[in-house]
**Q** 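Below: one structure in structure tokens.
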Amino acid sequence: MGTQYAKPRMLIVGIAVVGTAIAAGCRVGPDPFRPASQVQPNYRHLETSGVHEGGEDLDGWWVGFNDPVLNDLIHQAVAQNLGLREACLRIVQARATRCVAKADGLPQFDTDASYTFQKISTTGGQFSIFRPDGSAVNIKSTFDQWAMGLNGAWEIDVFGRIFRNIQAADADICATVWDYRDTMVLLLSDVASNYVDARTFQRRLEIAHRNLEAQQKILELTQKRFDAGVISELDVAQAKANVASTQADIPTLEIGYQLAVNRLSTLLGNTPGYVDNFMINPMPIPIPPTEIAIGIPADLLRRRPDVRSIEQQLMAQTARVGVATTDLYPRFSIIGTFGYSSRLFDDLLTTRAIAANVGPNVQWNILNFGRYKCNIQAQEAFQCQLVARYQAAVLQAAEEVDNALVSYDREKQRRGSLAEAVTAFERAVDLSEQQYTQGKVSFQSVLDSQRSLLQSENLLAISEGNVVSNLIDLYKALGGGWNHPHAFAGDVAYDQTLQYAPSVELERLPPAEGNADNANNGGDASKKSAAEDGDSEADASDTDSSDTNAEPSGNPTAPNDSNSDENAPDDKKPGDSPSDRDLSMWRYN
């Protein structure tokens with residue numbers, strides 16, 4: 001018995017070993033790469049803003065405002081925001097999809113069992129069977145058929161189709177992780193911005209009520225002077241108009257305040273009115289820190305989640321170009337069946353009822369009328385789109401940082417000037433009121449001074465809010481805050497999801513030849529960024545062990561370390577990727 005099955009077993013093992021060896025060196029299609037991008041050597045507009053380059057600390061930027069209410073609102077938003085939860089579940093979906101891709105590379109088995117009752121017609125010609133002596137053959141017209149078995153198939157990934165699919169799925173996971181982190185950055189900035197808007201409106205309401213009270217006192221004084229016949233009715237009418245104008249501004253400010261707190265309630269995953277109790281006690285507009293470190297421009301490629309997401313999408317699409325390329329080559333697999341078949345149930349599990357077959361299978365679609373080549377061109381075109389999208393995202397990030405820096409710097413200067421104006425107008429109001437009661441100036445001087453003071457105080461409050469909002473925009477443009485502790489309070493399922501969802505370690509791609517950050521920093525910036533990527537991801541990778549559906553983190557999209565910064569691939573073959581044609585300006589050697 002052993003000798004009978006030895007050759008087939010040796011054949012199967014031999015095919016598997018040879019196929020695996022071939023698969024290790026015959027993967028077709030391009031390898032992942034990071035496109036070249038333009039990065040400025042230094043940030044601009046740092047002269048008087050208090051912002052400087054250096055080791056950035058952007059993970060908990062909101063803490064620098066020293067506002068406990070803001071800290072509490074951000075904590076609740078991270079725990080309860082529905083958009084963040086949706087982004088997290090997209091990571092779970094991507095991980096499950098990756099399991100499907102991985103399973104394609106493993107032997108596939110299915111089992112079946114059946115029972116069939118058959119009755120054959122006895123009136124047909126096929127039953128006219130006779131022996132040589134002329135006697136009829138008695139054929140049973142009904143019979144049973146029992147069967148059960150195991151079917152198996154195993155594709156030998158000779159040209160890397162399955163490997164590229166897994167590579168694409170790994171990159172998809174990383175892209176959803178960075179999308180999640182981008183959602184986190186946007187959420188934190190939205191909460192902080194709306195909180196600052198609410199505090200700004202509270203400040204403006206306080207200014208309006210205080211000025212209204214002062215104007216009402218002037219109106220009372222003016223009315224008494226008119227009743228005494230000292231002044232004309234014109235002064236009383238002007239005082240009443242001044243009071244009514246200020247009263248008309250208050251509802252508009254209350255609308256703005258309510259819109260801001262309602263938006264905060266929505267960001268915290270609650271209905272309007274939820275945040276009202278947090279804001280019931282007016283507090284000053286948050287004061288920004290005096291010194292802010294934002295790193296260097298090259299750090300944008302590492303820290304901006306939207307840029308990293310597009311980078312991972314490009315990696316996934318590059319792998320899918322390889323998947324499309326494998327359609328030009330044959331597929332090798334081992335297929336087989338093992339089972340029992342018998343007309344009698346009692347004989348079903350006997351050795352006589354065994355039926356089995358096993359052997360190699362080759363499938364090669366050699367006549368497809370250009371379908372596969374056109375599909376490769378379509379995949380390469382989308383790859384080129386993602387390259388352009390990546391480069392545009394890098395430029396957009398640089399623009400947003402520069403805009404936020406100049407806005408923050410110039411608004412601080414404007415705030416200083418407005419503060420001086422408020423001080424001067426306060427003095428002007430005091431002098432005009434004193435001189436008016438003494439009859440030295442007309443009532444118009446009092447009105448002008450009050451109006452100018454109210455306007456300048458309003459502008460100062462708006463400017464103070466804008467300074468903080470511009471700083472928040474700067475933090476958002478720098479991609480700060482996505483390392484916030486992740487947890488959905490009171491929801492164990494989502495707690496467990498988030499324990500591993502953002503912890504995918506990203507691939508260290510080869511540095512860009514001629515990249516701007518290399519040219520300006522002697523190539524050290526890219527290596528530093530890659531090393532810091534590994535450090536930042538390693539901190540979260542400890543929780544990845546809870547994910548039973550994913551491979552151990554390390555380098556999910558590369559078979560070895562050949563794509564590390566120190567070992568950039570230099571043995572590309574013509575035709576392996578579109579780098580020889582469309583991507584020559586972006587591809588690294």
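What you see is a predicted model, and the numbers here were worked out from it, not measured in a lab. Just so you know, residue 1 is the first one in the sequence shown, and it goes up from there.
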**Q** Rounded to the nearest 0.5 Å, how far apart are OG of Ser309 and OH of Tyr390?
**A**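 Rounded to the nearest 0.5 Å, the OG-OH separation comes out at 12.0 Å.
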
**Q** If you count every heavy atom of other residues, nucleotides or ligands that lies below 6.0 Å from Gln455 atom CD, does the total exceed 12?
**A**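 Atom CD in Gln455 is not packed in, count stays at 12 or less.
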
**Q** Answer yes when Asp402 and Arg44 have at least one side-chain N-carboxylate O distance shorter than 4.0 Å, and no when they do not.
**A**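 Judged by the 4.0 Å cut-off on N to carboxylate O distance, Asp402 and Arg44 do form a salt bridge.
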
**Q** Can you name the nearest heavy-atom pair linking Asn470 to Ala404, along with the distance?
**A**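 So the minimum-distance heavy-atom pair works out to O-CB, 4.1 Å.
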
**Q** Decide, yes or no, whether a salt bridge links Arg210 with Glu213 under the criterion of side-chain N to carboxylate O below 4.0 Å.
**A**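 Result for this pair is no, no salt bridge flagged.
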
**Q** Output the distance between atom CG (Leu205) and atom CD (Glu254), rounded to the nearest 0.5 Å.
**A**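 Those atoms lie 5.5 Å apart.
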
**Q** Students often mix this up, so state it plainly: with edges at 30° and 60°, are the rings of Trp61 and Tyr475 parallel, tilted or perpendicular?
**A**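 Ring orientation, 0 to 90° scale: parallel.
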
**Q** Going from CD1 on Ile294 to CG on Leu405, what distance comes out if it is rounded to the nearest 0.5 angstrom?
**A**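 Those atoms lie 4.5 Å apart.
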
**Q** Once rounded to the nearest 0.5 Å, what's the spacing between atom CG of Asn458 and atom CZ of Arg204?
**A**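 One gets 4.5 Å once the value is rounded to the nearest 0.5 Å.
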
**Q** Minimum heavy-atom separation for Asn194 and Ala260, please, with both atom names.
**A**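 Between these two residues, the closest heavy atoms are O-CB, 3.7 Å.
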
**Q** Could you tell me whether the side chain of Asp299 and the main chain of Ile296 form a donor-acceptor pair under 3.5 Å?
**A**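 A pair under 3.5 Å: yes.
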
**Q** If we only count heavy atoms from C-beta on, is the Pro286 to Tyr195 side-chain gap below 4.5 Å?
**A**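 Of all side-chain heavy-atom pairs linking Tyr195 with Pro286, at least one is under 4.5 Å.
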
**Q** For the pair Arg303 and Asp59, find out whether any cationic side-chain nitrogen is under 4.0 Å from an anionic carboxylate oxygen.
**A**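 Salt bridge: yes.
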
**Q** Closest approach of Ser193 and Ile472, non-hydrogen atoms and distance?
**A**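 Residues Ser193 and Ile472, closest heavy atoms: OG-CG2, 3.5 Å.
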
**Q** Check whether any side-chain heavy atom of Phe33 sits under 4.5 Å from a side-chain heavy atom of Leu314, and report yes or no.
**A**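 Counting from C-beta outward, Phe33 and Leu314 do come under 4.5 Å.
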
**Q** Look at the side chain of Ser245 and the backbone N and O of Ala241, then say whether any donor-acceptor pair between them is shorter than 3.5 Å.
**A**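 Answer holds: no.
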
**Q** Could you check whether any side-chain heavy atom of Met279 comes within less than 4.5 Å of a side-chain heavy atom of Tyr257, counting everything from C-beta outward?
**A**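 Yes - at least one pair of side-chain heavy atoms lies under 4.5 Å apart.
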
**Q** Report yes if the side chains of Tyr180 and Arg90 come closer than 4.5 Å at any heavy-atom pair, otherwise no.
**A**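 Not in contact.
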
**Q** Any heavy-atom pair between the side chains of Thr271 and Ser265 that's under 4.5 Å?
**A**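 No; the side chains remain at least 4.5 Å from each other.
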
**Q** Could you check whether Arg225 makes a cation-pi contact with Tyr436, meaning its NZ or CZ is under 6.0 Å from the centre of the six-membered ring and within 45° of the ring axis?
**A**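 Judged by the rule, Arg225 and Tyr436 form a cation-pi pair.
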
**Q** So, taking the atom named CD1 in Ile91 and the one named CH2 in Trp178, what distance separates them when rounded to the nearest 0.5 Å?
**A**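 Answer rounded to 0.5 Å: 11.0 Å.
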
**Q** Considering residues at least two apart in sequence or located in another chain, which fulfil the side-chain hydrogen bond (donor to acceptor under 3.5 Å, both in side chains) criterion with Asn262?
**A**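 side-chain hydrogen bond (donor to acceptor under 3.5 Å, both in side chains) check on Asn262 returns Gln258.
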
**Q** Which heavy atom in Ala248 sits nearest to a heavy atom in Thr252, and how many Å separate them?
**A**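 Of all heavy-atom pairs spanning Ala248 and Thr252, the closest is O-OG1, 4.0 Å.
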
**Q** Just by modelled atom types, is the Leu459 backbone N or O under 3.5 Å from a matching donor or acceptor in the Ser463 side chain?
**A**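 Not a single qualifying donor-acceptor pair exists.
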
**Q** Between Gln38 and Leu395, is there a side-chain heavy-atom distance shorter than 4.5 Å?
**A**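 Yes. Closest side-chain heavy atoms under 4.5 Å.
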
**Q** Count the heavy atoms of every other residue, nucleotide or ligand shown that sit under 6.0 Å from CD of Gln438, and state whether that count exceeds 12.
**A**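 Yes, because the 6.0 Å sphere around CD of Gln438 holds more than 12 heavy atoms from other groups.
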
**Q** Is any side-chain heavy atom of Asn81 closer than 4.5 Å to a side-chain heavy atom of Leu268?
**A**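 Of all side-chain heavy-atom pairs linking Leu268 with Asn81, none is under 4.5 Å.
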
**Q** For the backbone of Val441 and the side chain of Ser445, can you confirm whether one donor and one acceptor N or O come within less than 3.5 Å of each other?
**A**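 Answer holds: no.
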
**Q** Just do the side-chain hydrogen bond (donor to acceptor under 3.5 Å, both in side chains) check on Gln215 and Thr246 with the steps written out, would you?
**A** CA-CA 9 Å; Gln215 292 167 3; Thr246 302; 2.6 Å; yes

**Q** Which heavy-atom pair separates Asn211 from Gln450 by the least distance, and what is that distance?
**A**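 Scanning both residues, the minimum pair turns out to be OD1-O, 4.3 Å.
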
**Q** Residues in salt bridge (Lys or Arg N to Asp or Glu O under 4.0 Å) with Glu433, at least two apart?
**A**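 Once residues adjacent in sequence are excluded, Glu433 has no partner under the salt bridge (Lys or Arg N to Asp or Glu O under 4.0 Å) criterion.
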
**Q** Regarding Arg414 and Glu411, does a basic nitrogen lie under 4.0 Å from an acidic carboxylate oxygen?
**A**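 Salt bridge present between Arg414 and Glu411.
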
**Q** Within this structure, what is the OG1-CG distance for the pair Thr176 and Asp182, rounded to the nearest 0.5 Å?
**A**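 So the gap between those two atoms works out to 12.5 Å.
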
**Q** For a quick test of reading the model, state the closest non-hydrogen atom pair linking Ala393 to Val307 and the distance between them.
**A**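 For Ala393 and Val307, the tightest heavy-atom pair comes out as O-CG2, 3.9 Å.
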
**Q** Any side-chain heavy atom of Asp473 sitting closer than 4.5 Å to one from Lys476?
**A**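 Asp473 vs Lys476: side chains touch.
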
